[in-house]
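Notes to accompany the following structure.
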Amino acid sequence: MGTRRRGRHSRRRRRRRGVNDTAALAAGFDAALRARGVGAGTRRARTFAEVLAALPPRSLRTLYWQARAAMLPSIDDLQPFHAAFADYFGRPDDAPSALAQPEPFAVLEERPQAATLPPPPSERPAGAAESARAPIQWIPASSEETLREIGFDELSENERTAVLRLIAQLRTAAETRPSRRRRTDPHGDRFDFRGTLRAAARTAGELIRRRVTARRERVRPLLFLIDVSGSMTPFARALLQYARATALARPRVRAFVFATRLTDVSSPLRRATDERLMRALAASVNDYGGGTRIGAALRSFNGRYAQRGAARGGTVVIVSDGWEREDPALVGSEMQRLRRLSRRIVWVNPHKRHAAYAPLAGGMAAALPHLDAFVSGHNLRTLDALAGAIEGRI
């Protein structure tokens with residue numbers, strides 16, 4: 001038993017002596033580096049000692065790379081590191097070949113000839129030779145600025161993906177109105193008698209602080225009616241994305257789509273992600289890309305939603321090119337009815353971007369007298385104008 005115990009203690013002493021040897025070796029090499037002007041520090045020396053204890057080197061070359069990985073603070077200190085390693089661990093002849101070989105990235109660049117350098121700045125006019133040597137700097141427009149001017153119907157698939165991502169970053173339109181409810185406000189306009197008395201109950205009946213209130217601000221409702229017929233397909237996806245970004249950024253937003261009939265898409269518009277939005281709408285909208293019945297869609301909207309208060313005090317945004325398959329008189333009568341039920345009506349027609357455009361389509365001509373704003377909304381730049389129209393600034 002005693003022999004076994006003595007053997008165990010001897011193994012512990014040898015292990016402790018090995019740890020102390022690696023620590024002394026690392027500390028000595030750190031001192032050699034400091035003598036050469038390389039500040040490795042005690043933290044790197046401790047790392048070097050742990051590396052030596054875990055992986056004892058079998059050759060000088062292995063020791064060199066272990067020391068270099070653990071103790072070299074910067075590649076600029078490589079030459080002093082080589083000298084310190086040679087002084088401490090061996091002569092340069094015994095060191096690994098990496099000591100004598102230059103680094104692979106230490107390649108001298110060729111200096112440009114004087115004839116190829118651009119001329120120095122000067123106030124005098126440049127001659128023909130100096131103009132030929134002057135560099136030509138092309139400053140292309142940024143990709144975002146270019147995409148802001150391209151129509152939604154002219155985009156490639158990659159550009160369409162980028163535009164849909166940029167639509168989510170546009171400014172969200174929100175118009176507020178003063179509510180009947182009031183809230184405590186230090187800059188309010190009405191004395192809060194009850195609030196002042198409740199506060200006095202906490203101070204033994206002393207009226208220490210006078211409380212005032214102000215009216216709350218409530219966001220007005222916003223409703224989108226988006227035409228998804230065949231003629232509006234290139235623009236419908238972008239405007240649906242704009243409606244989705246608005247619904248996620250502010251409350252009281254509803255969205256409807258129509259071609260031959262009206263469909264409420266407010267719920268899938270909020271739940272679906274950007275990639276799954278069109279698939280979710282395809283599952284719920286059966287007439288996507290079909291014909292256009294604007295009058296029937298407006299009659300359904302007024303009877304089922306607007307008449308019941310969905311549009312009261314709010315803004316209705318209608319996105320359509322105005323092509324009507326049925327009688328345009330129905331569009332005029334339903335627009336007049338919607339005019340009485342809502343606060344503001346904004347019509348978005350992509351064809352308005354053309355300078356020679358005239359509202360000759362039957363549905364567009366019937367709806368025009370009842371509009372508060374008429375915008376194009378065919379690219380990113382005009383969607384900013386749409387936000388201004390929703391807020392009543394256009």
Side-chain angles (χ1 to χ4, degrees), residues 148-154 167 170-175 220-229 231-243 246 253-259 262 292-299 301-302 306 311 313-394:
R148 288 177 63 86
E149 301 297 330
I150 302 178
F152 295 138
D153 56 340
E154 301 172 356
I167 288 177
L170 292 178
R171 182 179 63 87
T172 302
E175 185 182 9
R220 293 186 178 275
L222 177 62
L223 300 99
F224 289 91
L225 275 70
I226 302 176
D227 186 352
V228 293
S229 62
S231 59
M232 285 292 296
T233 300
F235 305 95
R237 186 173 181 182
L239 271 301
L240 281 169
Q241 180 69 16
Y242 180 78
T246 305
V253 177
R254 301 189 66 176
F256 304 83
V257 298
F258 67 91
L262 186 73
T292 310
R293 299 175 61 204
I294 302 176
L298 289 174
R299 181 172 55 190
F301 175 75
N302 289 335
T315 301
V316 179
V317 179
I318 304 176
V319 182
S320 178
D321 54 6
W323 292 101
E324 172 60 58
R325 287 179 52 187
E326 299 178 348
D327 186 7
L330 179 61
V331 177
S333 61
E334 293 299 328
M335 286 294 297
Q336 185 177 5
R337 182 183 175 191
L338 182 60
R339 171 74 277 176
R340 295 192 297 266
L341 296 173
S342 62
R343 172 181 171 84
R344 181 178 295 110
I345 301 178
V346 179
W347 194 290
V348 181
N349 189 338
H351 297 307
K352 191 179 180 295
R353 59 179 165 172
H354 304 293
Y357 170 77
L360 301 179
M364 191 71 256
L368 196 61
H370 309 285
L371 304 181
D372 294 285
F374 187 31
V375 296
S376 62
H378 66 283
N379 57 17
L380 285 174
R381 180 179 52 81
T382 53
L383 287 184
D384 290 335
L386 174 59
I390 293 174
E391 295 173 345
R393 294 186 287 104
I394 296 180

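Reckoned from all heavy atoms, side chains included, excluding hydrogens, waters and symmetry mates.
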Which pairs of donor and acceptor atoms, one on a side chain in residues 364-374, lie under 3.5 Å apart (sequence neighbours left out)?
{"residue": "D372", "atom": "OD1", "partner": "R339", "partner atom": "NH1", "Å": "3.0"}
{"residue": "D372", "atom": "OD2", "partner": "R339", "partner atom": "NH1", "Å": "2.3"}
{"residue": "D372", "atom": "OD2", "partner": "R339", "partner atom": "NH2", "Å": "3.1"}
{"residue": "D372", "atom": "OD2", "partner": "I345", "partner atom": "N", "Å": "2.8"}

Using distance only, find each side-chain donor-acceptor pair of residues 329-336 under 3.5 Å and give its atom names and separation, not counting sequence neighbours.
{"residue": "S333", "atom": "OG", "partner": "A329", "partner atom": "O", "Å": "3.4"}
{"residue": "S333", "atom": "OG", "partner": "L330", "partner atom": "O", "Å": "3.0"}
{"residue": "E334", "atom": "OE1", "partner": "N302", "partner atom": "ND2", "Å": "2.8"}

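In this structure A259 satisfies the side chain to side chain contact (heavy atoms under 4.5 Å, CB included) test together with V228, S229, D287, sequence neighbours excluded. With sequence neighbours excluded, the residues forming a side chain to side chain contact (heavy atoms under 4.5 Å, CB included) with T172 are T246, A249, R250, listed by chain and number. Applying the side-chain hydrogen bond (donor to acceptor under 3.5 Å, both in side chains) criterion to T315, with sequence neighbours excluded, gives no partner residue. Residues meeting the side-chain hydrogen bond (donor to acceptor under 3.5 Å, both in side chains) test with E154, sequence neighbours left out: none. Among residues two or more places apart in sequence or in another chain, the side-chain hydrogen bond (donor to acceptor under 3.5 Å, both in side chains) test is passed with R254 by D264. Remark: R148 pairs with D384 by the salt bridge (charged side-chain N to carboxylate O under 4.0 Å, His left out) rule, at least two apart or across chains. Shown here are the side-chain hydrogen bond (donor to acceptor under 3.5 Å, both in side chains) partners of S342, two or more places apart in sequence or in another chain: there are none. By the ring-ring contact (aromatic ring centres under 6.0 Å, His included) test, F301 pairs with F256, sequence neighbours left out.
Under the salt bridge (Lys or Arg N to Asp or Glu O under 4.0 Å) criterion, the residue pairs touching residues 342-351 are E175-R343, E175-R344, with sequence neighbours excluded. Pairs of residues two or more places apart, or lying in two chains, that qualify as salt bridge (Lys or Arg N to Asp or Glu O under 4.0 Å) and include a residue from residues 317-329 are R293-E326.
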Taking it one step at a time, do R220 and E391 satisfy salt bridge (Lys or Arg N to Asp or Glu O under 4.0 Å)?
CA-CA 10 Å; R220 293 186 178 275; E391 295 173 345; over 6 Å; no
